[in-house]
Amino acid sequence: LPTRFSASENVRWKTPLPEPGNSTPIVWDRWVFVTCPINGGKIRSLMCFDRNTGKKLWQHDVPFPEKETAHNDNPFCSGSPTTDGKLVYASFDSAGVVACDFSGKVVWKRDLGKLTHVFGPASTPVLYKQLLIIHRGPGKPTHIVALDKRTGKTVWDTPEIGIDDKLYGSWSTPVIYRVGDHDEFALSLPGTLKGFDPLTGKELWKCDGLGPSNYPDTAVGDGVLIGVSGFQKSMMAVRMGGRGDITEKDRLWHVEKTQQRIGSGVVRGGYLYVSNAPGIAECIDVKTGKTVWKERLGGNLWGSVLLAGDRLYVSNTQGDIFILAASPKFRLIGKNSMGEHIKASLAPSDSQLFIRTYKNLYCVGERRK
């Protein structure tokens, strides 16, 4: 991935977006997809761009004129799209779920009902085999639903506790991992980290100890799952493979108070790398939960940490993108400024970076396979 770039340097193309948004673009071959609100979320849009030129190829709009609440820092359409290379899927929360082919034709759509939370939703749908798994929350109602990715029909639907309160909820996306001879997915929920069977939606295990509000996704690595809370609350690690209430026997460590965290972390070589909203990057020992280093980068770190080889990329809301060594010894490799507000995470593909700001979608660097 490129290490030197800006809004004018090493830019392959940039394309204006209609309104600010937090969702990350996704890339498949020569297509780039992104979700975007229009008219303050009264229209929720799935857009497709040409990867080589930045030209918009098509746009599918879903109207939702009803009044709905959200945080000022969380515009509607904060969930990213996902694709299997044949269809591209977007969950527009109260406005439903849509599946389009790569020409923009709607293959199926579902109305799964309205969600209500003062801060609004932000979860991304996840593909698993023939299923599209969606965490629909926070607020009332909260549930995890799996749809047949070919037809949109409900395969399973698992309810969770939902409360419309600004200090209660999960904005996390299910994270699939393999343990032994099978797959599970983990999801941070208020007060607890849970594991589920992705084929049935059955709860397999839970571990208490998270805070009431969770933004980051579960970090996975070295046979360990790490749940991270928001609002300066707790962080904890659990051993994979448990069943039932594993709080006592499989919780490896628990840190009661942390810094405010919004973006998700990554694990490499026994260390967890996370970004903290006050502008501080942190390296944590996966085995112990102890901080190895903690360094101020500046601004407000919001996007998730991107791991690329032995490098880490992370952005702040001021438009700076930092490149760090993924190492237990802190090293700042580079700092690049886009000069535009960023909350989305960075998307890599074939040596290029796709950067979604509050104004534009950028393609940075030259494509290499």
Side-chain angles (χ1 to χ4, degrees), residues 22 24 80 122-124 126 135 170-177 185-189 193 207 209-211 213-240 251-297 299-317 321-333 342-348:
N22 295 355
T24 299
S80 301
S123 185
T124 293
V126 174
H135 170 216
S170 170
W171 291 258
S172 297
T173 292
V175 174
I176 295 170
Y177 59 93
F185 73 82
L187 182 62
S188 298
L189 292 162
L193 181 64
C207 182
L210 289 180
S213 298
N214 301 290
Y215 313 122
D217 297 339
T218 308
V220 181
D222 301 333
V224 173
L225 304 169
I226 303 170
V228 182
S229 305
F231 279 125
Q232 303 178 10
K233 299 298 184 181
S234 56
M235 173 177 64
M236 65 185 187
V238 302
R239 189 182 295 109
M240 292 180 184
R251 194 172 76 178
L252 302 176
W253 49 261
H254 183 261
V255 177
E256 190 68 36
K257 187 174 175 61
T258 63
Q259 295 192 346
Q260 168 68 316
R261 291 170 180 155
I262 297 166
S264 303
V266 294
V267 174
R268 182 180 190 269
Y271 298 95
L272 169 70
Y273 300 93
V274 293
S275 60
N276 301 316
I280 295 171
E282 195 169 354
C283 171
I284 295 165
D285 189 315
V286 168
K287 289 183 179 178
T288 65
K290 303 293 185 184
T291 296
V292 177
W293 55 254
K294 186 161 54 175
E295 298 286 342
R296 180 173 295 280
L297 301 182
N300 300 301
L301 297 177
W302 189 283
S304 297
V305 179
L306 168 64
L307 173 64
D310 58 359
R311 295 174 183 164
L312 307 167
Y313 288 69
V314 66
S315 60
N316 65 19
T317 58
I321 297 173
F322 302 92
I323 308 170
L324 313 176
S327 166
K329 183 177 181 180
F330 175 78
R331 181 164 65 93
L332 179 64
I333 296 171
I342 301 175
K343 284 200 177 81
S345 303
L346 308 172

(request) Can you label the angle between the Tyr273 ring and the Trp293 ring as parallel, tilted or perpendicular, going by 30° and 60°? (result) tilted
(message) Could you walk me through whether Thr173 and Thr218 satisfy the side chain to side chain contact (heavy atoms under 4.5 Å, CB included) test, starting with their C-alpha distance in whole Å, then the side-chain angles of each, then the deciding distance to 0.1 Å, before giving a yes or no?
(response) CA-CA 8 Å; Thr173 292; Thr218 308; over 6 Å; no
(message) Is the shortest side-chain heavy-atom distance between Tyr313 and Pro348 below 4.5 Å?
(response) no
(request) Determine whether Val126 and Phe185 make a side-chain contact, defined as any pair of heavy atoms from C-beta on separated by less than 4.5 Å. (result) no
(message) Return the CG to CG distance between Leu312 and Leu306, rounded to the nearest 0.5 Å.
(response) 8.0 Å
(message) With heavy-atom distances below 4.5 Å as the criterion, would you say the side chains of Tyr215 and Arg261 are in contact?
(response) no
(request) Answer yes or no: is there a donor N or O on one side and an acceptor on the other, between the side chain of Asp217 and the main chain of Ser264, under 3.5 Å? (result) no
(request) Return the minimal non-hydrogen interatomic distance between Val274 and Gly265, and the atom names on each side. (result) CG1-CA, 3.9 Å
(message) Would the distance check show the side chain of Arg251 and the main-chain N or O of Arg239 forming a donor-acceptor pair, the cut-off being under 3.5 Å?
(response) no
(request) Please round to the nearest 0.5 Å and tell me the distance separating atom NZ of Lys343 and atom CG of Asn300. (result) 8.5 Å
(message) Counting C-beta onward and ignoring hydrogens, is there a side-chain heavy-atom pair between Lys233 and Leu210 closer than 4.5 Å?
(response) no
(message) Give me the atom names and distance for the closest heavy-atom approach of Leu187 to Ser172.
(response) CD1-O, 3.5 Å
(message) Rounded to the nearest 0.5 Å, what separates atom CD1 in Ile333 from atom CZ in Arg311?
(response) 5.5 Å
(request) Identify the heavy atoms of Ala237 and Val224 that sit nearest to each other, and give their distance. (result) CB-CG1, 3.7 Å
(request) Measure the CG-OG1 distance between Asp285 and Thr291 for me, rounded to the nearest 0.5 Å. (result) 10.0 Å
(request) Taking the side chain as every heavy atom from C-beta outward, state whether Leu301 and Ser315 have any pair of such atoms under 4.5 Å apart. (result) no
(message) Within the structure provided, determine whether Asp310 and Arg268 are in side-chain contact (heavy-atom separation under 4.5 Å).
(response) yes
(message) Please give me the minimum heavy-atom distance between Pro328 and Cys283, naming the atom from each residue.
(response) CA-SG, 4.2 Å
(request) State the CG-OG distance between Leu189 and Ser213, to the nearest 0.5 angstrom. (result) 12.0 Å
(message) On a heavy-atom basis, which atom in Val314 and which in Ser304 lie closest, and how many Å separate them?
(response) CG2-O, 4.3 Å
(message) So Ser234 and Lys257, do their side chains get closer than 4.5 Å, heavy atoms only?
(response) no
(request) Give the intermediate values and the outcome of side chain to side chain contact (heavy atoms under 4.5 Å, CB included) for residues Val238 and Leu252. (result) CA-CA 5 Å; Val238 302; Leu252 302 176; 5.9 Å; no
(request) Give the C-alpha distance, both sets of side-chain angles, the deciding distance and a yes or no for side chain to side chain contact (heavy atoms under 4.5 Å, CB included) between Phe330 and Val292. (result) CA-CA 9 Å; Phe330 175 78; Val292 177; over 6 Å; no
(message) Using 0.5 Å steps for rounding, measure from the NZ atom of Lys290 to the CH2 atom of Trp253.
(response) 10.0 Å
(message) How close do Gly211 and Ser229 get, counting heavy atoms only, and between which atoms?
(response) N-OG, 2.7 Å
(message) Testing Ile284, Val220, Ile226, Leu307 one by one against Val267 for a side chain to side chain contact (heavy atoms under 4.5 Å, CB included), which residue passes?
(response) Ile226
(message) We want to know whether Glu282 and Asn276 form a side-chain donor-acceptor pair, criterion being a heavy-atom distance below 3.5 angstrom.
(response) yes
(message) If only side-chain N and O atoms count, and only distance matters, is there a donor-acceptor pair under 3.5 Å linking Asn214 with Ser170?
(response) no
(message) If you define the side chain from C-beta out and look only at heavy atoms, does anything of Met235 sit under 4.5 Å from Leu272?
(response) yes
(request) Step by step, work out the side chain to side chain contact (heavy atoms under 4.5 Å, CB included) result for Leu346 and Ile321. (result) CA-CA 9 Å; Leu346 308 172; Ile321 297 173; 3.7 Å; yes
